Amino acid sequence: MFGITVKTIPAVRLAITYRMLSSSIPQTIKKSKMPPRPKFTDDMERDIEEKFLHGGRGPGGQKINKCNSKVQLRHVPTGIVVDCQATRSRDQNRKIAREKLALRLAQWENGDQPIERELAKIQWEQQSKRSKERKAKSKHREAQEQRQQQKLQQTIEEKQLLKSLLEQ
Amino acid sequence: MPRISPRILKSVANIDRRLPYLLFECSGNISDAKQELSWIKNELQDANLINRACWLRYNRVPLQYILKTQPFGPLDLLVRPGVLIPRWETEEWCMDLIAKLPEKARQGQFKVLDLCSGSGCIALAIAHTRTEYIVKSVDLSPKAIALLKDNVRKVGLQNTNVQCIQADILRHSEHIYSKDKFNLITCNPPYIPSNNFVKECTTSVKLYEPRLALVADLEFYDNLLQYWIPRTESFVYEVGDMKQCQHVINGLSHNTSWKTGIKYDSNDKPRCVYGYLANPESTIDYVKIFDSFST
Ligand SMILES: C[S@@+](CC[C@H](N)C(=O)[O-])C[C@H]1O[C@@H](n2cnc3c(N)ncnc32)[C@H](O)[C@@H]1O
């Protein structure tokens, strides 16, 4: 239930949420004016259990050289668990896991609905896709017009040539 | 080498034809292999280099020697053959320790000595986060000293109080920084007994990492008891097993001014033995540092 991501939300529900939130989200979105990423707060830091998972039961230390360091966070009050092993750096993975948890908690507080930022993101992506399409279309049209213009020019020149030949 | 069935090799090759090469060092774990491939792709970009990296991984070359770096706490350190790659266990206790070290030591008041410093990971992590400390280091290997100097530059500490010298601490301890007394000595000495070396080390470690950095038993712990205890107010030594912890703790048990303890890693293995003076000459409160270090 906590694992719901935007992708797995049925289209109908998404459409409803869209309508619900359409008042609070402006029609066109600027990348610089996105609703902010949910913040990981000091309170959250106090409420988590952090685990480092390196797998294996061997003796460890100098005898083996592992490159992965997975970080797992459990938010005790809600039971929400996230993990991260996206980078080779434990420091980095700890930061990313905290961002993930903040997002998950914001979704949870929103009744497992996508939060404003995600909706804005979806809208922004669609917007930029549309504008790309528009640009592609207008490029196509420009090329077409140019070709027509060239044709017209050619016919004019041919006619003039003919005319001058006849006049001789 | 784990046996991996041809069927599995074939099926992962369908995802990416370079994955099968990575599967062996990942003990057959497909998601680990995918993870590794994504790091390799991110850091190398050029297709030929990526292919070569996967081939080297199939031949057990440590990933960090191929990518030439290893993260350590907030630092991204250079690594290269001939010098041990820093381990996550070392990073873990080192960062835990740093979090407890006093932040507002007066300039030059807190002196640290890192023995067997290798790439310099411990010394540089401390120097980076506690800039007013004096940090000195020693290693026997010229390759380690050269790498450490490169790392000093890599992390931007060239104009600071970080020093290193090449010396054999088992022979010349009393001549190393002989005028100094230290607040803290850290050390990750070689600690794999030679009769366990073949049995317990992974193939990759045995083939590609320097034996000088790995093989020893109690020599460095005896050296601590004999030469360094009189010159420091606290110490943290990494260990490979409980016997090495006990050796140090027993060695200090007659000396009531020293308090000692053991720190476990997040895999529940004993990983450090530490000790401190409850009533030191300096004003540093070691009880405060070490009380929370072990938990
Ligand atoms: C286990 S490595 C630790 C390297 C680094 N501190 C780390 O944690 O990754 C041990 C180091 O001790 C050095 N060493 C071995 N024998 C030594 C000796 N007698 N005197 C000084 N250094 C020595 C090796 O060159 C190696 O760099």
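Chain naming here is simple, since letters A, B, ... match the order of the sequence lines and numbering starts at 1 in each. The model shown is predicted, which means the values in this text are computed figures rather than measured ones.
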Notebook entry, point to check: What part of B:Pro270 lies closer than 4.5 angstrom to a heavy atom of chain A: side chain, backbone, both or neither?
Noted result: neither

Margin query: Quick check for you: to the nearest 0.5 Å, what is the distance between A:Gln62 atom CD and B:Tyr191 atom OH?
Written below: 4.0 Å

Note to self: Among B:Asn42, B:Asp32, B:Asn188, B:Asp265, which residue has the highest count of heavy-atom pairs closer than 4.5 Å to chain A?
What the structure shows: B:Asn188

Check: Where on B:Ile85 is there a heavy atom nearer than 4.5 Å to chain A: the side chain, the backbone, both, or neither?
Finding: side chain

Next item on the list: Only one of A:Arg88, A:Arg90, A:Gln92 passes side-chain contact (heavy atoms from CB on, under 4.5 Å) with B:Pro71; say which it is.
Entry: A:Arg88

Notebook entry, point to check: Counting heavy atoms not belonging to A:Lys100, are there more than 12 under 6.0 Å from its NZ?
Noted result: yes

Notebook entry, point to check: With a 4.5 angstrom heavy-atom cut-off, which part of A:Gln85 approaches chain B: side chain, backbone, both or neither?
Noted result: both

Check: What residue, out of B:Val239, B:Leu84, B:Thr90, B:Thr69, has the most heavy-atom pairs lying under 4.5 Å from chain A?
Finding: B:Thr69

Next item on the list: Evaluate side chain to side chain donor-acceptor pair (under 3.5 Å) for B:Gln35 paired with A:Asn68, printing each intermediate quantity in order.
Entry: CA-CA 9 Å; B:Gln35 182 67 261; A:Asn68 59 329; over 6 Å; no

Next item on the list: List the steps, then state whether side chain to side chain contact (heavy atoms under 4.5 Å, CB included) holds for A:Lys51 with B:Ser266.
Entry: CA-CA 8 Å; A:Lys51 262 194 201 158; B:Ser266 56; over 6 Å; no

Next item on the list: Give a yes or no on whether B:Lys269 atom NZ has more than 12 heavy-atom contacts from other residues, nucleotides or ligands under 6.0 Å away.
Entry: yes

Note to self: Counting only heavy atoms not in B:Glu103 (residues, nucleotides, ligands), do more than 12 fall under 6.0 Å from its CD?
What the structure shows: no

Notebook entry, point to check: Of the listed residues (B:Glu200, B:Lys206, B:Glu36), which shares the most heavy-atom pairs with chain A below a 4.5 Å separation?
Noted result: B:Glu200

Checklist line | Option in B:Met95, B:Glu89, B:Glu238, B:Glu91 with maximal non-hydrogen atom pairs under 4.5 Å from chain A | finding: B:Glu89

Item checked: Under 4.5 Å from a heavy atom of chain A, the part of B:Glu43 involved -> side chain

Note to self: A quick test of your reading: do over 12 heavy atoms of other residues, nucleotides or ligands sit less than 6.0 Å from CD of A:Gln144?
What the structure shows: yes

Next item on the list: Among the options B:Gly240, B:Gly73, B:Ser204, pick out the one with the most heavy-atom pairs lying under 4.5 Å from chain A.
Entry: B:Gly73

Checklist line | Closest contact, heavy atoms only, A:Cys67 versus B:Arg57 | finding: SG-NH2, 4.1 Å

Margin query: Tell me if a side-chain donor or acceptor on B:Trp88 pairs with a main-chain N or O of A:Gly61 at a distance below 3.5 Å.
Written below: no

Check: Among B:Asn29, B:Val205, B:Leu63, B:Asp76, which residue forms the greatest number of heavy-atom pairs with chain A at distances under 4.5 Å?
Finding: B:Val205

Check: Measuring from A:Lys63:NZ to B:Asp241:CG, what's the distance to the nearest 0.5 Å?
Finding: 6.0 Å

Margin query: Counting only heavy atoms not in B:Tyr21 (residues, nucleotides, ligands), do more than 12 fall under 6.0 Å from its OH?
Written below: no

Check: Who among A:Asn65, A:Ile64, A:Thr87, A:Leu53 has the most heavy-atom pairs with chain B under 4.5 Å?
Finding: A:Asn65

